[in-house]
Amino acid sequence: MRLSLSFLLLLCLGVADASPLVEKLRSGSRTALEHEGMLLGAAGLQEELSSSDRPTLLAALGAAQGAEDSWALLGILARLAAHPDRSIAIKAAQVGASIAHGVDGFLIDEQEIADHTLSEWHRLWRHVAGNKKRWVDIRVYALDSAAQLHQTISNAKAPPMNWPEVLSDDDEQMRSAAILLA
């Protein structure tokens, strides 16, 4: 009886500790997860994306694209793309690339996103792309994000993309991605 009571207590604590975001992840419904992201918005997701709890972090990454202001997460997503856990890093890189493709001149004007903010995000993504110790697929997604952001920054303030460096990368997949993106 004592063993089953302890088991039930642990089970109840585990269920009670799960956030709604993690519950949506466990349900397997991508739509429900993105809906939760829409409800939380970028501000609500930033705390979740800073979590050290792996399920919370993965759930927040799954919800990020649902946030109407997901563009505001590009900086933290770049940092997560450098995460040592490959499953977190690749998801952050994929989500970041998807969100970066949605950043255009209209959004920048409408949301009044400063060039220095775009330049900082660009720098963070270039750093991930340039790290030869990272997995190549993460580097390719990071390069894609950096290239997309580079196109949106006003020409006078755009940091260089340094295409010759990427085009001469040791990895064939990086060189191929650079050719497509340049």
Side-chain angles (χ1 to χ4, degrees), residues 30 33-34 37-38 40-43 45-46 48-50 57-182:
R30 180 179 173 186
L33 194 56
E34 287 184 4
M38 182 189 72
L40 289 171
L45 286 170
Q46 285 213 351
E48 306 290 332
L49 289 168
S50 299
L57 196 48
L58 288 170
L61 286 168
Q65 285 181 280
E68 289 183 25
D69 54 351
S70 60
W71 54 268
L73 299 171
L74 283 168
I76 195 165
L77 289 170
R79 290 181 189 95
L80 287 170
H83 198 281
D85 182 330
R86 180 171 168 43
S87 62
I88 291 169
I90 188 64
K91 185 68 175 171
Q94 291 168 332
V95 171
S98 178
I99 291 170
H101 278 270
V103 176
D104 58 17
F106 178 76
L107 178 72
I108 292 168
D109 290 341
E110 179 185 68
Q111 298 297 319
E112 299 178 357
I113 305 170
D115 279 338
H116 67 84
T117 301
L118 292 167
S119 294
E120 175 62 13
W121 293 339
H122 173 262
R123 185 191 66 74
L124 290 169
W125 285 107
R126 278 288 297 128
H127 179 73
V128 174
N131 184 348
K132 295 181 181 186
K133 293 180 181 179
R134 302 297 307 155
W135 296 279
V136 70
D137 52 349
I138 294 168
R139 293 179 65 211
V140 168
Y141 281 115
L143 182 64
D144 185 20
S145 296
Q148 290 301 316
L149 291 168
H150 184 263
Q151 290 177 2
T152 64
I153 302 169
S154 65
N155 291 336
K157 297 179 182 174
M161 265 304 288
N162 200 2
W163 288 113
E165 178 187 322
V166 184
L167 289 166
S168 63
D169 195 277
D170 295 338
D171 194 291
E172 181 180 336
Q173 291 178 354
M174 278 300 286
R175 291 191 308 268
S176 295
I179 289 168
L180 289 172
L181 293 168

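The closest side-chain heavy-atom distance from Leu77 to Leu61 is below 4.5 Å. When side chains are defined from C-beta on, Leu74 does not count as touching Ser145, because their heavy atoms never get closer than 4.5 Å. Using a 4.5 Å heavy-atom threshold, the side chains of Arg126 and Leu143 count as touching.
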Set out, in order, the CA-CA distance, both residues' side-chain angles and the distance that settles side chain to side chain contact (heavy atoms under 4.5 Å, CB included) for Arg139 and Val128, then state yes or no. CA-CA 6 Å; Arg139 293 179 65 211; Val128 174; 5.5 Å; no
Side chain to side chain contact (heavy atoms under 4.5 Å, CB included) for Val103 and Leu118? Distances and angles first, verdict last. CA-CA 10 Å; Val103 176; Leu118 292 167; 4.3 Å; yes
Between Thr152 and Trp121, does the side chain to side chain contact (heavy atoms under 4.5 Å, CB included) criterion hold? Intermediate values first, please. CA-CA 11 Å; Thr152 64; Trp121 293 339; over 6 Å; no
Does the pair Trp135 and Ile90 meet the rule for a side chain to side chain contact (heavy atoms under 4.5 Å, CB included), with working shown? CA-CA 9 Å; Trp135 296 279; Ile90 188 64; over 6 Å; no
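Around atom CD of Glu110, more than 12 heavy atoms belonging to other residues, nucleotides or ligands sit under 6.0 Å away. Atom CZ of Arg175 has more than 12 heavy atoms from other residues, nucleotides or ligands within 6.0 Å. Within 6.0 Å of CD in Gln173 there are 12 or fewer heavy atoms belonging to other residues, nucleotides or ligands. Counted within 6.0 Å of NE2 on His127, heavy atoms from surrounding residues, nucleotides or ligands total 12 or fewer; the atom is thus considered open.
The shortest non-hydrogen separation linking Glu48 to Ala60 is CB-CB, 3.6 Å. Contact detail for Val140 and Ala177: the closest heavy-atom pair is CG1-CB, 3.8 Å.
In this structure, Asp171 does not pair ionically with Arg134, as no charged nitrogen and carboxylate oxygen lie closer than 4.0 Å.
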